[in-house]
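Keep in mind that what you see is a predicted model, and the values were worked out from it rather than measured. Indexing begins at 1, ligand by ligand and atom by atom, following the structure's order.
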Amino acid sequence: MTEQQLVSILNQMTIDEKIAQLLQLAAPFYEGAEGEGQITGPMAAMGISKEVVANTGSVLGLTGAQQVIQVQKAHMNNNRLGIPLLMMADIVHGYKTIFPVPLALGCSWDMQLAERTAEIAAAEAAAAGVHVTFAPMVDLVRDPRWGRVMESTGEDPFLNGEFARAFVRGFQGRDLTGDPSRVAACVKHFAAYGAAEGGRDYNTVDMSERQLREYYLPAYQAALDEGCEMVMTSFNTVDGIPATGNSRLMRDLLRDEWGFDGVLISDWGAVKELIPHGVAANEAEAARKAIQAGVDIEMMTPCYVRHLRDLVETGQVEEALIDEAVLRILKLKRKLGLFDNPYRGADPEREREIVMCAEHRQAAREAALKSIVLLKNEGVLPLQEDRNIALIGPFAQSGDILGPWSWLGEQEEAVRLYDGLRAISGANRVVAARGCGIETGTDAEWDEALRAARNADVIVLALGEHSEMSGEAGSRANIRLPQVQLELIAKLKPLNKPIVAVLFNGRPLDLHGVFDQADAVVEAWYPGTEGGAAIAELLYGKHNPSGRLSMSFPYAAGQIPVYYNHFNTGRPQGAPDAQERYVSQYLDIPNEPLLPFGYGLSYTSFEYSEPAISSGTMTPEQPVRIRVRVTNTGDVAGEEVVQLYVRDVAGETVRPVKELKDFRKISLQPGESKDVEFILSERQLRYHHTNLERISDPGDFIAMVGPNSRDTAELTFTLTKQ
Ligand code: GLC
C-alpha cells in the first residue's frame, strides 16, 4: 500500500473515526477477547461506546493467536474502512519463555545474548499475534529504592545504549514488513523516569537539561538510532512539565531535533494524569496539551475521544495535528503489513510449536548463566556433588523467579532451585526446608530448617524479595532483606557450616546481614524460566560465573544515589591534602558502595598486565590505542569483562571521576592470555557543554583499564586540537 493510498484512507475518515484511531484500549473491551465485557472499575467509568471501540486503532495486552484472529476478524467486520487493529503488549524480557529481568541481562555485558533474548521473545509473541512490544525500557537508574530498576539495564548511559540497540535489533530484525516473526519495538519511558525523587515511583523528576542530555537521553537516542518504531511517554515531570504534555521534550526535542516521526504513545492513563499533575484543569485541556505535544495514542483514558472533536470545532486544536497522528499510526500498520494481512504472524500452529520450546528454554538457561553475578566466595564454591546440602529459605522451592514483568510466564513451568540442585547432585543430596517466608516465619518452619541444616555439610540459602516488592509501584525505602530472613541467617550462623546465599531480587539491596554473614553470595536477580537450573549449574561449577554488576550495590540506603560516574567535588575524600573532617564524606559510613559498577567474581583468577597506550597525544584525527594483556591464572576456564574508563581532568564543566567508554567480554582457558586493544577517539570524549553543544575539551585525560570500575590501572594522554 502506498503512502498515497494511506492518505486516501485518511481523507475518507470522519473526524470521529480519526480521533478513535488515537485511542488504545485494553483487551476486555473487544468482543471475542478473554474477559470480554468484564469491564469494571475505571474502565467502566470510561463510558466507551461500541462505535468508538469499532474505530479504535490499537489494543493493549491481547495475546494468543486464536484470540487475536478472533478479535481482529470482528474488528474488520465492524470497521467501515477496514483499518486493522495494532496489537500491543508488554513483552519486556520474554513472552512465555521468560528470560532474566533486564537488570540481570545488563550484568551479562553480552549484546548478542540480549539480542537473542529479544528475538526469541518476538518470535513467540508474533506467533501469538502481537505486533508491537512495549520494550526496551532504557531508563537510566541510580536509585535502587525505585522498583523499576529491575526493568533497566543499569546506571551507565553507554552500556544502556548498547543494550537498547541490541534489544531493538532482536525485536525488530532487519525487515519488520517481511519478517512476521518480529515485532515493532517501543522504547520507554521518555524521559528520565528512573530519576524519580526519593526512588518513589511516579514522583517528580527535576534536573538540568544538560544532565538530562548527558546521562538520561543517550539510551533512548540509541534505540531510535537503531530504528525503534515507537516511543512511550513517561509518567514523570521533566523540568516542571509532565512528559506526556511536554511540547519542549516531545515536539521540539524528540520530533524536531531528533527527527523522530514514528508513533508516540502515552503511558497508561498518563494523558488524563496531566490533571492531578496540575497542568490541566480538565480532560479537554489534557487532550489539548497532549496532542499539541505530539502524543499520537492515548492509552486507556478517554480525553481524546471525548474532547478532541470539540477542540477542533472551536479552533483550539488544528485538525492537522490529528491527521498527522493518524497518518503515523496508519504508516506503522502498513509497515507491519497489516493492510495486506491483518492477522500478520498470528498462527496457532506455530504458537504451539515454538512457545516454551526446548531451544527457547535453553536460551533462557544460557541467559541466566551469563546474568548471574558471583559477589563473594570464600572458598565454598563450587560445591562438591558428594556433599549434603540443606537448601533453606523462601525461594528454595519457589517459582516466583520470573520477575514483575512475566505476566504471560508460568511459574509452574519455572525450574526451581531445588529441582536444579537435585538434577545435578541426585535427590538424596539435597534437603529443602523453607525456614521462613519472605516476610514472616513460624517456629515450625525454623525447626525444620534447623534439622536440615544440622544434617548437612553446606547450607544454601535462597533468599530475596517476592516479585511484587519491585517492578512498577514497587518502591521500597528500606532495601534490606526482610528482617525474618536476616534472622534466619543469624540463627544458622552458629552452626559453623559453610553458608552460600543465593539472592532473588529486583534491585541492588543493602546487603547488611547477608554479605558479612555468608561465605558466598550469588546474585541471581529474577533469573527466569530456567533460573533454578542455571543457578545450580553455577553453584556446582558446571559453568563459571561471568556476570558483572551494571548497577552499584549501596553500602546503605543512606548513600543513595550512589553511582560510579560521580563528580569529584572540591573536597574529595582521600585527596593528598585532604583534611580529616572537612571533606565530602559521611561520619558513619564510607562514600563507596559496598559493590561497585562492573564488579563480579569468577571461579578462576585473571591477571592484567600494565596497560600501554600508543601515544601520549590524541588529536581529532588520531585516536589512541590502549592495550592490556589479560591472563587466566587459575585452573578453570572463565570469562572476563575488560573495562575501559576515562576521566577528563579539567573540563568546561565538572566531569565524572570515570566514565565507561568501552569493554570486551573475553573467554580464557586456564593459563591462556589475550591482548585486548581499545581504540579511543576524540568523539568518545565529547560531552554537553553549558551551551548544550556536545564537544570535547583539549587537555589532559586519564584512561583506566580493569575488571570493574574500582580496580583499575591508569594511563594518561593529552587531547590536542591544533
Ligand atoms: C504501565 C507501565 C508501562 C507499560 C504500560 C502498559 O503502567 O508504566 O511500562 O508498558 O503500563 O502496560
| request: Specify side chain, backbone, both or neither for E472, according to which of its non-hydrogen atoms lie closer than 4.0 Å to ligand 1. | output: side chain
| field | Numbering as shown, the atoms of ligand 1 that approach F134 to under 4.0 Å (heavy-atom distance) | value | 10 (O)
| query | Between Q24 and ligand 1, which part of the residue brings a heavy atom under 4.0 Å of the ligand: side chain, backbone, both or neither? | reply | neither
| request: State whether the side chain of H466 and the backbone N or O of E468 hold a donor-acceptor pair below 3.5 Å, judged by distance alone. | output: yes
| task | Note the single closest protein heavy atom to atom 11 (O) of ligand 1, along with its residue, its atom name and the distance in Å. | result | D267 OD1, 3.1 Å
| request: Keeping the roles fixed (side chain from E115, backbone from M111), state whether a donor-acceptor pair exists under 3.5 Å. | output: no
| query | Which residues satisfy the salt bridge (Lys or Arg N to Asp or Glu O under 4.0 Å) test with K335, sequence neighbours excluded? | reply | E229
| If hydrogens are left out, which of H189, M232, M299 has an atom nearest to atom 9 (O) of ligand 1, that is, the closest non-hydrogen atom? | H189
| request: Consider ligand 1: state whether an atom of it lies below 4.0 angstrom from any non-hydrogen atom of M137. | output: no
| field | Under 4.0 Å to a heavy atom of F235 - the qualifying atoms of ligand 1, by number | value | 7 (O), 8 (O)
| task | Report yes if some N/O of Y193 lies less than 3.5 Å from some N/O of ligand 1; otherwise report no. | result | no
| Within the structure, does K188 bring an N/O atom to less than 3.5 angstrom of an N/O atom in ligand 1? | yes
| remark: A student checking ligand 1 against W268 at a 4.0 Å heavy-atom cut-off should list atoms 7 (O), 11 (O)
| query | Looking at the rings of F235 and W268, which for Trp means the six-membered one, are their centres under 6.0 Å apart? | reply | no
| Can you list the residues that meet the side-chain contact (heavy atoms from CB on, under 4.5 Å) rule with I241, with sequence neighbours excluded? | N246
| message | Taking the six-membered ring of Y215 as reference, does the cationic atom of R142 (NZ for Lys, CZ for Arg) lie under 6.0 Å from its centre and within 45° of its axis? | response | yes
| message | Would K96 and W407 count as a cation-pi pair here, with the cationic atom under 6.0 angstrom from the ring centre and within 45° of the axis? | response | no
| message | With rounding to the nearest 0.5 angstrom, report the OG1 to CD distance, T244 to E273. | response | 7.5 Å
| Taking atom 6 (C) of ligand 1 as the reference point, the nearest protein heavy atom with its distance | D90 OD2, 3.3 Å
